[in-house]
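What follows is one structure encoded as structure tokens, with my remarks underneath.
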Amino acid sequence: MADAVNAPPGVNPDQSSAARVYDYLLGGKDNYEIDRQVAREAARVMPDIAETARVNRHLMTRICRFLAYHAGVRQYIDCGSGMPTAENVHQIVQRADSGTKVVYVDYDPVVASHGRALLDENEFTEYIQADFFDPPSILDHPTVTEHLDWDQPIAVLFLLALHHQTGDREVPAKVTKEFIDRLPSGSYVAISHLLDAHDGSADDEAVQGIIESIHNGSMKDVSSRTRAEIKELFHDMELIPSGPNKPAEIVPVVEWWPDGPLLGSPTVAQRIVAVGVARKP
């Protein structure tokens with residue numbers, strides 16, 4: 001992507017975007033120099049930060065397979081969907097049922113232009129440009145109200161999304177509650193979030209370093225949460241077990257129903273993001 005040339009309306013190529021930084025970390029090309037600069041600064045703090053992005057992407061695949069093949073969910077809202085890349089939500093869930101409906105949500109106009117181009121020929125998949133920190137902009141959006149059947153279960157994904165917030169720490173919980181209150185019975189919510197180990201460990205130092213690096217850059221700040229704080233984002237929903245014979249709890253992303261046995265100890269990059277998936281009774 002040529003910096004400052006033919007930028008979509010509303011895009012400031014001198015202001016980094018979480019979606020475009022994430023795209024760069026995944027090896028994509030839909031990013032500006034300012035996004036690459038933010039990623040490089042974060043990598044100085046934690047050299048294998050790109051692994052964190054890849055691990056979260058693999059998590060999304062596992063969550064979508066579970067929801068589509070085992071939970072039988074046929075409707076999805078992907079909040080903070082980011083730049084389209086290999087194996088997007090609709091490609092995974094529509095293999096289980098080609099009529100599965102997906103709505104992608106992101107506030108970044110660059111994501112909007114690429115997302116609409118990708119989905120142009122998929123009648124069951126829609127894209128809206130909105131901010132999930134303003135739930136009514138999504139929940140009351142005509143595309144969302146008309147495209148989805150609100151009498152049937154819906155899965156809402158907040159994967160590496162809610163931590164892009166600073167200030168009032170109660171805001172993310174207020175956001176998830178608005179969504180959960182509107183969801184029909186049998187719906188699911190999945191959340192992955194930067195983890196606050198709060199123990200002075202190498203993980204704790206890495207997370208604090210990333211937070212400071214981003215704060216000093218041009219991207220929106222991020223925040224971390226303890227496992228207990230992440231669990232609070234689900235309110236009264238029922239967490240599902242994190243693996244065979246495992247308790248229903250918040251765990252590092254690599255421990256949530258891995259595709260196979262973990263042959264080695266998880267790295268810092270693999271431990272600093274936690275996840276939970278819960279069902280609304």
Side-chain angles (χ1 to χ4, degrees), residues 26 48 51-79 86-97 100 102 152-163 176 179-180 183-199 201-203 206-207 224-281:
L26 289 172
D48 56 347
E51 175 65 10
T52 299
R54 290 191 292 269
V55 166
N56 189 73
R57 196 73 188 180
H58 297 157
L59 169 73
M60 182 271 286
T61 300
R62 301 197 305 278
I63 289 175
C64 287
R65 288 203 307 257
F66 160 73
L67 293 170
Y69 287 94
H70 299 290
V73 179
R74 296 295 179 258
Q75 303 185 105
Y76 297 79
I77 303 175
D78 185 5
C79 293
E87 285 294 275
N88 299 284
V89 170
H90 73 283
Q91 294 166 318
I92 299 167
V93 300
Q94 287 175 359
R95 279 200 288 270
D97 185 327
T100 296
V102 178
Q152 297 298 320
I154 298 170
V156 181
L157 311 179
F158 292 102
L159 303 181
L160 281 186
L162 291 167
H163 66 201
T176 57
F179 276 89
I180 292 167
L183 291 173
S185 176
S187 293
Y188 286 80
V189 171
I191 299 171
S192 65
H193 197 290
L194 194 62
L195 180 62
D196 179 2
H198 204 66
D199 59 3
S201 64
D203 296 17
V207 168
S224 60
R225 277 178 164 72
T226 64
R227 295 193 193 200
E229 289 174 323
I230 296 171
K231 186 176 181 179
E232 290 174 355
L233 300 177
F234 292 96
H235 301 281
D236 295 326
M237 296 184 78
E238 301 172 346
L239 282 171
I240 67 166
S242 57
N245 302 314
K246 296 286 186 179
E249 61 183 8
I250 306 299
V251 297
V253 294
V254 292
E255 295 180 16
W256 195 90
W257 289 95
D259 286 331
L262 300 176
L263 299 180
S265 298
T267 64
V268 172
Q270 295 170 334
R271 294 193 303 260
I272 63 172
V273 175
V275 61
V277 179
R279 181 181 183 275
K280 183 175 180 177

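Residue numbers start at 1 and run along the sequence shown.
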Practice item. Taking side-chain contact (heavy atoms from CB on, under 4.5 Å) as the test, write out the residues that go with P258, two or more places apart. Key: L262
Exercise for review: Taking the side chain as every heavy atom from C-beta outward, state whether I240 and F66 have any atom pair closer than 4.5 Å.
Suggested key: yes
Review point. With sequence neighbours left out, what residues match N88 under side-chain hydrogen bond (donor to acceptor under 3.5 Å, both in side chains)?
Key: R57, Q91
Practice item. Check whether any side-chain N or O of Q75 sits under 3.5 Å from a backbone N or O of P153 as a donor-acceptor pair, and report yes or no. Key: yes
Practice item. Under the salt bridge (charged side-chain N to carboxylate O under 4.0 Å, His left out) rule, collect the residues that match up with E249, sequence neighbours excluded. Key: none
Practice item. Give the intermediate values and the outcome of side chain to side chain contact (heavy atoms under 4.5 Å, CB included) for residues V156 and F158. Key: CA-CA 7 Å; V156 181; F158 292 102; 3.5 Å; yes
Review point. Sequence neighbours excluded, which residues qualify as salt bridge (charged side-chain N to carboxylate O under 4.0 Å, His left out) partners of R279?
Key: none
Exercise for review: State which residues pass salt bridge (charged side-chain N to carboxylate O under 4.0 Å, His left out) with E87; sequence neighbours excluded, sorted by chain then number.
Suggested key: R95
Practice item. To the nearest 0.5 Å, tell me how far T176 OG1 sits from I230 CD1. Key: 12.0 Å
Point to revise | Check: S242 side chain, W256 main-chain N or O, donor-acceptor pair, under 3.5 Å | key: no
Exercise for review: Can you measure from CZ (F234) to CD1 (I180) and round to the nearest 0.5 angstrom?
Suggested key: 8.0 Å
Practice item. Enter the distance from R62:CZ to I92:CD1 here, rounded to the nearest 0.5 Å. Key: 11.0 Å
Check your understanding: What's the spacing between M60 CE and L157 CG if we round to 0.5 Å?
Key -> 8.5 Å
Exercise for review: Apply side chain to side chain contact (heavy atoms under 4.5 Å, CB included) to Q270 and V253, showing your working.
Suggested key: CA-CA 7 Å; Q270 295 170 334; V253 294; 5.8 Å; no
Point to revise | Student check: side-chain heavy atoms of L239 and I250 closer than 4.5 Å | key: yes
Exercise for review: Would you please name every residue forming a side-chain hydrogen bond (donor to acceptor under 3.5 Å, both in side chains) with R74, sequence neighbours left out?
Suggested key: D97
Exercise for review: Taking all heavy atoms of L67 and all of A155, pick out the closest pair and write down the distance.
Suggested key: CD1-CB, 3.8 Å
Review point. Is any side-chain heavy atom of V189 closer than 4.5 Å to a side-chain heavy atom of H235?
Key: no
**Study point:** Contact summary for Y76 and C64, nearest pair of heavy atoms
**Key:** OH-O, 4.2 Å
Practice item. Sort out for me which residue in L160, L159, V55 forms a side-chain contact (heavy atoms from CB on, under 4.5 Å) with V273. Key: L160
Exercise for review: Using atom types as modelled and distance alone, determine if a side-chain donor or acceptor of S192 lies under 3.5 Å from a backbone N or O of A274.
Suggested key: no
Point to revise | Option from R227, E229, R225 for which side-chain contact (heavy atoms from CB on, under 4.5 Å) with H193 holds | key: R225
Exercise for review: State the OG-CG distance between S224 and D196, to the nearest 0.5 angstrom.
Suggested key: 4.0 Å
Review point. Do V251 and V275 come within less than 4.5 Å of each other through their side chains, counting heavy atoms only?
Key: yes
Review point. If every non-hydrogen atom of L183 is compared with every non-hydrogen atom of K280, which pair is closest and at what distance?
Key: O-NZ, 2.5 Å
**Study point:** N/O donor-acceptor pair under 3.5 Å between H90 side chain and V102 backbone
**Key:** no
Check your understanding: Taking all non-hydrogen atoms of both residues, which atom of Q152 and which atom of P184 are closest, and how far apart?
Key -> O-CG, 2.9 Å
Study note, to complete from the structure: Value for CE (M237) from NZ (K231), rounded to nearest 0.5 Å, stands at 13.5 Å
Check your understanding: Tell me, do D203 and L195 make a side-chain contact under 4.5 Å, heavy atoms counted?
Key -> no
